[in-house]
Amino acid sequence: MEKSLARYIWSNTRLQQLWILAVVALSMIPYFLSFDLPKQIVNGPIQGSGFEGEGATQTFMHLSYTFPVIGKVEFFSGLQLDRLQTLMALSLVFLALVVLNGLFKFYINTYKGRLGERMLRRIRFQLIDRVLRFPPNHFKRVKSAEIATMIKDEVEPMGGFTGDAFVSPALLGGQALTALIFIIVQNFWLGMIAAGIVGVQAVIIPRMRKRLLELGRQRQLTARELSGRVGEIVDGIGTIHGNDTSNLERADIAARLGLIFSIRYDLYQWKFLVKFLNNFLAQVTPFLFYAIGGYLALQGRLDIGQLVAVISAYKDLPGPLKELIDWDQMRQDVQVKYQQVYEQFNVEPLIDESIHVVAGAAVTPLASSIVVSNLSVSDDSGARLINHISVEIKPNETVAVVGPNASGAEAFAEALGRLVWPDSGRITIDGKDLLELPESVTGRRISYASADIYFFQGTLRDNILYGLKHAPLRDPDYDEQTALEVKWHAAEALKAGNPTLDPNSDWVDYQAAGATGPDDILKAIRPVLDAVLISQDLLDLALRSTVDTAVHVTLAGHIVDVRAALRERMQESDLASIVVPFDFDAYNIQATVGENLLFGSMKRPAMNNRRLAAHPYFQALFRETGLSNDLYTMGLEIAENAVELFHDLPPDHPFFQQLTFMTADDIPTYQALLQKLTSRKFDDATPEERSSIIRLSFAYIEPRHRFGLLTDELTAKIVSARKQFHENIPEDLAAVIERYDPEHFISSASLMDNVLFGRIAYQQADASSRIRGIMGELFDSLDLFDDVLSIGLEFDVGSGGKRLTMVQRQKLNLARALLRRSDYFILNRPLSALDQRVQDQITHNIVNDLHKEGERPTIVWVLSNAKLAEIFDRILLFDRGSLVEAGNFPELSEQNGMFKELLS
């Protein structure tokens, strides 16, 4: 990186800076003329100088120039104007100069702003580019929040300064110097007074602002440290709560905020002291002009027009001068910030730019062995992790790497995956150093997976296909207007030194996954998900999701067939009574009272329970049918039973899991409400109290809660009210409530509800899992599993994949690596969160069955269970950073060595 910000700006924007400086120089001409014109107006037509006789005129706008050799050349002879005409003409010229000066300022400021934004874009991109090229071990010493803060906030002033770096001193200095020269031309002594005040401001104010710069630097550092500390709190929130250290963190944050407060308070005091002194000096000069200039005018040594012109010129002098002093402070402040950025991002050695070159073409497979020669690796503290290892890993072989914790096996895998750089020795492929190979080769032909996982915010599909997005392969089909916008953005990117790669292009290398395009990519994903045993998890996610019928047309069209097939399958087995189907003429005993009354699904967020309960039509139906009193009475009994049974239980008691209508925190609230409503009728309760009681009845399910509150009379009344509700439903409610229909897909209901079209009996043990298993088989048999899988892949994983369990994240991380059919797979204990039985099954799936078409890759797997090494071709045993044993399973298991001890 360039160490000086000024040199960095000049080297990247010199042509633009020269152009705008030329415009600034040109703008000084009308700026100077605007100072002289008031004097001509006052002395000429206003005071009558040159118009002494009656009907006298003067020549206006006479333009001529005397050239060497040629002589005098007249361009325009001018116009003869009387006193009033001259006054109007000069006034119009003054107005024209005002407009012209304004246009110059408008153009200069706009150009500066665009130039600054381009430079800000350039420097931010270059900083992020350097982050992508940091050596792996550097990330262990930096905080992500601090790096993000520097790129986002601390370089922000540099963009604004870019446009001002050379233009502002030229423009402001030129304006101030023009005004000062004009004053000196009018009267030498007044000019000297103005020059003296300017000199005092130029010397004293910058010296006082050095303290401001130091305070600003301290403020920047403390704010960055606060950002990093907040990031640590967010990342380590589980550790904080688990160790009861939240108050320690509060104390630490309070101390940091106190330090920032003291720095900022000191900063404000100095800032306004400097401002006071600057304003005082600026106001002293007009006092001197009025006093001394007025005295000279009274003595006849200075005419009124000159005095007016001097005062008018000085009016424009403090502004540019103050801004020039502000520019100098900003220059020093920005240079300090740039120096901090330089120190943070000037990391050596950086990954060479050639390693990250975009390669859209297919990469030739790696057919040579990986040769590890005298490899040594150390950690940040200098402790040796691997000590002089030499080994050859051949194509198509499977290698099990085993050893106790801290044996060096993990570091060996990290070195093969380029996550750590060797201290000495080399890793080569076909004679080429692994670290010198471009990522377009290693990132496609070598796949690495470990227990250290990160998923980006987005869908499962985005994350599982992430390993295939190496280069833009297919351009989007833009319309004409969008294509023009994309072309403009690409041109701007070039001007800012950014790449013109389009993120909206299709970057997925489908062929690398064994597919031809987006239409059959699911057929390539499916076996990988099956191999890591996560297909059922994605099926469960899909079943809990709503379905976009515009996207999944095939699935929505076959949902009625799936319902019929599910009913038939359950009739053939012992599961005939496991699901109670929805029937418009019957009460579903396994559904809630609210579900039975509505007999439909609400389109959220347009409609919810609260809005429905407040709707006039719904309230009128309640009053007409008498359900208000019935459900209020039912709710009171539910509240009484719940409070009586559970008020003495601790909040974490498992019984509360059965209460869908009330939480442990609600018990005291309803206990107080019961005491208030015991002797009061329905009409005596307030609307809020009635709503709180009736809400309990809406969530009641008789087979689950077993309070014996549902009578045949009440269920019949609910069914009758349901029919009345849908018979006369108004258009606004019909638009947001989908009635259950056995012959149609319900778009606002989950996929599970659509297939079941009913409710699972609570009395059946493992009913839900058994039903999901049958559904998976049905989707497979009806060739709909890929459609269901695509719904599961649309699940948003959340920040860092935190909406998934650790087990799911590790499985998906392994699947992401396997999907990219590489030549070498480096698997570094990738399934440590799984129990041993599942680890064994997934390992067998991958080693034995994954690539059935004959593309058997090399697999180097750091195993947690040494017994699994039996299915590998070769075993490498590490201990204390050294390779102590190597061979196949029969050989090592018969020797009385360390491997045999690990097996026992």
Side-chain angles (χ1 to χ4, degrees), residues 363-378 384-403 407-439 441-450 817 820-830 843 846-848 850-851 854-863 866 868-895 897-899 902:
V363 177
T364 305
L366 298 176
S368 302
S369 300
I370 292 181
V371 179
V372 181
S373 305
N374 201 29
L375 181 70
S376 295
V377 175
S378 301
R384 188 60 61 89
L385 302 177
I386 301 177
N387 190 24
H388 302 297
I389 298 296
S390 296
V391 68
E392 180 180 357
I393 299 173
K394 300 176 181 178
N396 303 323
E397 76 168 335
T398 57
V399 179
V401 182
V402 297
S407 63
E410 296 90 344
F412 177 70
E414 289 175 350
L416 294 179
R418 295 212 309 193
L419 269 72
V420 297
W421 290 358
D423 293 337
S424 62
R426 299 176 69 204
I427 302 175
T428 59
I429 300 178
D430 195 21
K432 300 176 183 176
D433 196 311
L434 182 66
L435 294 180
E436 295 176 359
L437 290 175
E439 284 189 1
V441 175
T442 59
R444 304 183 194 191
R445 309 314 307 177
I446 301 175
S447 292
Y448 176 87
S450 69
R820 191 173 66 235
R821 300 184 173 188
S822 302
D823 303 312
Y824 285 88
F825 287 97
I826 315 300
L827 308 178
N828 189 2
R829 303 192 200 273
T843 306
I846 293 172
V847 174
N848 297 329
L850 185 60
H851 298 287
E855 298 178 6
R856 187 169 185 255
T858 299
I859 298 176
V860 179
W861 198 315
V862 181
L863 297 172
L868 277 175
E870 186 176 8
I871 63 175
F872 289 81
D873 300 333
R874 189 153 56 107
I875 302 169
L876 302 178
L877 176 60
F878 282 78
D879 185 40
R880 298 180 183 179
S882 299
L883 179 60
V884 293
E885 294 181 17
N888 57 40
F889 188 86
E891 293 173 352
L892 297 183
S893 59
E894 292 176 2
Q895 297 175 3
M898 187 174 179
F899 182 73
L902 290 176

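Being a predicted model, the structure only gives us computed values, none of them experimental.
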| salt bridge (Lys or Arg N to Asp or Glu O under 4.0 Å) contacts touching residues 869-880 (sequence neighbours left out) | Glu397-Arg874, Arg856-Asp873
| message | Classify the ring geometry of Phe878 against Phe412: parallel below 30°, tilted from 30° to 60°, perpendicular beyond 60°. | response | tilted
| request: With sequence neighbours excluded, tell me which residues meet side-chain contact (heavy atoms from CB on, under 4.5 Å) with Asp430. | output: Ser368
| Taking C-beta and beyond as the side chain, do Leu416 and Ile393 meet within less than 4.5 Å on heavy atoms? | yes
| Test item: Asp423 and Arg384 side chains (from C-beta on) under 4.5 Å apart, heavy atoms | yes
Looking only at heavy atoms, what is the nearest atom pair of [X] and [Y], with distance?
| X | Y | result |
| --- | --- | --- |
| Ala411 | Leu385 | CB-CB, 3.9 Å |
| Val377 | Ala415 | CG2-CB, 4.4 Å |
| Pro830 | Ala449 | CB-O, 4.1 Å |
| Pro438 | Arg418 | C-NH2, 4.4 Å |
| Phe889 | Ile875 | CA-CD1, 3.6 Å |
| Arg444 | Ser822 | O-OG, 2.9 Å |

| ring-ring contact (aromatic ring centres under 6.0 Å, His included) against Tyr448, all qualifying residues, sequence neighbours excluded | none
| query | Between Ile446 and Leu434, does a side-chain contact (heavy atoms from CB on, under 4.5 Å) hold up when you go through it step by step? | reply | CA-CA 11 Å; Ile446 301 175; Leu434 182 66; 3.9 Å; yes
Distance check, rounded to the nearest 0.5 Å: [X] atom [atom1] versus [Y] atom [atom2]?
| X | Y | atom1 | atom2 | value |
| --- | --- | --- | --- | --- |
| Thr843 | Ile859 | OG1 | CD1 | 9.5 Å |
| Leu876 | Ile389 | CG | CD1 | 9.0 Å |
| Leu877 | Ser407 | CG | OG | 7.5 Å |
| Ile370 | Ile427 | CD1 | CD1 | 7.5 Å |
| Lys432 | Leu437 | NZ | CG | 7.0 Å |
| Leu375 | Ser424 | CG | OG | 7.0 Å |

Between [X] (side chain only) and [Y] (backbone N and O only), is there a donor and an acceptor less than 3.5 Å apart?
| X | Y | value |
| --- | --- | --- |
| Ser376 | His388 | yes |
| Arg820 | Arg445 | no |
| Ser893 | Phe899 | no |
| Asn828 | Glu410 | yes |
| Ser447 | Phe825 | no |

